[in-house]
Amino acid sequence: MPELPEVEIWRRRIWPTLSTATVIDVHGSSGPPLAPDLSISDLRGALIGRQCMRVDRRGKRLALQFTEAERTLVIQLGMTGRFHVESSHGPEVRFERLRLELSHGAALVYADARRIGRLSWVPHGEAFQGLGADALATESDEWSKRFTESRSPIKVALLDQERVAGVGNIYACEGLHAAGIHPKRAARTLTPAEWTHLARAIQASMQQTLSRDGAGSLLYLSAKETNVNPFVVYGRAGEPCPTCGVTICRDILGGRGTFFCPACQPEAGTVA
DNA sequence: AAAAGACCACT
DNA sequence: AGTGGTCTTTT
């Protein structure tokens with residue numbers, strides 16, 4: 001569900017609670033989203049009495065390091081993963097999958113309706129295995145290098161976390177629109193100038209989400225609740241493009257809804 | 001390397 | 001029907 005900015009927002013939000021106390025108990029049940037080789041009793045043994053020393057993020061993945069732990073707790077939120085930071089015992093959390101009770105009385109709860117997220121316990125060096133460079137921390141020339149071999153449509157290639165980590169369906173659509181690139185263009189046909197534009201557009205869109213995380217609610221959650229769509233093309237098929245007024249199209253690429261403006265993002269070969 | 005399907009359980 | 005993500009399997 002969440003893409004890079006939302007995961008970064010979670011990272012910032014769980015840190016103050018997690019870093020200021022030791023784990024005193026662990027609750028949850030086996031099965032997804034827990035990795036197949038991981039049980040709650042494993043986690044209990046590994047985490048009780050330990051304190052979180054850092055929460056790192058690369059792309060959409062979080063890595064939690066605990067004192068004296070031999071491994072790292074890796075969390076991928078999938079599409080519906082989210083956290084609850086409880087300062088005192090509140091109402092039951094829907095879809096609760098993992099709960100860390102902390103020595104100052106608070107608790108960190110991981111909830112995941114679809115159980116499509118992953119919680120795993122891996123050697124420190126493997127936390128970010130399989131992920132490319134972080135989308136927010138990577139210059140456009142580096143992006144360009146990592147896509148030179150890809151014949152896939154650029155929209156699909158952007159979702160490949162092994163090239164650049166953190167771009168999901170929404171920011172792929174938003175970035176391509178801002179850069180004026182058709183989602184079906186083969187990734188390797190993009191020029192350096194287009195990469196500069198695209199990488200910056202994706203980063204700008206992500207930064208905008210980050211900056212909108214004011215004192216309270218997560219943008220993508222509050223947006224859902226209030227039915228406000230903060231994006232330029234994502235989820236706006238049939239509406240006029242805010243740039244040129246032409247009707248926004250929806251297609252399916254990489255198995256997912258892909259939104260674009262046929263006028264701002266011309267097909268290859270029809271560029272004026 | 002790329003496409004398709006699988007997974008899951010909701011709105 | 002629709003879903004913002006990954007895995008694995010097939011071509």
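Naming: A, B, ... by sequence-line order, numbering from 1 per chain. Owing to the predicted nature of the structure, the values given are computational and were not obtained by experimental measurement.
- Look at A:Gln161 and you won't find any side-chain N or O under 4.0 angstrom from OP1 or OP2 of C:dG5.
- Taking atom CZ of A:Arg82 as the reference point, atom C1' of B:dT11 lies 15 Å away to the nearest angstrom.
- Of the candidate nucleotides C:dT3, B:dT11, C:dG4, B:dT11 has the atom lying nearest to any side-chain atom of A:Arg94.
- Proximity of A:Arg115 to the phosphate of B:dA9: a side-chain N or O atom is located under 4.0 Å from OP1 or OP2.
- The residue among A:Gln76 and A:Asn169 whose nearest nucleotide of DNA chain C is located toward the 5' end is A:Asn169.
- Between A:Leu159 atom CG and B:dA4 atom P the separation is 15 Å, expressed in whole Å.
- Out of B:dA3, C:dG4, B:dA2, the shortest distance to the side chain of A:Tyr234 is found at C:dG4.
- Regarding A:Leu4, its CG atom lies at a distance of 11 Å from the P atom of C:dT6, rounded to whole Å.
- Going from atom CZ of A:Arg256 over to atom P of C:dC7 covers 13 Å, rounded to whole Å.
- Distance CG/A:Asp112 to CZ/A:Arg94: 13.0 Å, rounded to 0.5 Å.
- B:dA1 atom C1' lies 18 Å from atom CZ of A:Arg146, rounded to whole Å.
- By the 6.0 Å contact criterion, CZ on A:Arg99 is enclosed, its count of non-hydrogen atoms from other residues, nucleotides or ligands being greater than 12.
- Listed pair A:Arg114 / C:dT3 fails the phosphate criterion, with no side-chain N or O lying under 4.0 Å from OP1 or OP2.
- Under the 4.0 Å criterion applied to side-chain N and carboxylate O atoms, A:Arg44 and A:Asp25 are assigned as salt-bridge partners.
- A:Arg61 comes within contact range of no nucleotide atom at all, as no heavy-atom separation falls under 4.0 Å.
- A:Lys155 has no carboxylate O lying under 4.0 Å from a charged side-chain N of A:Asp251, or vice versa, which leaves the two without a salt bridge.
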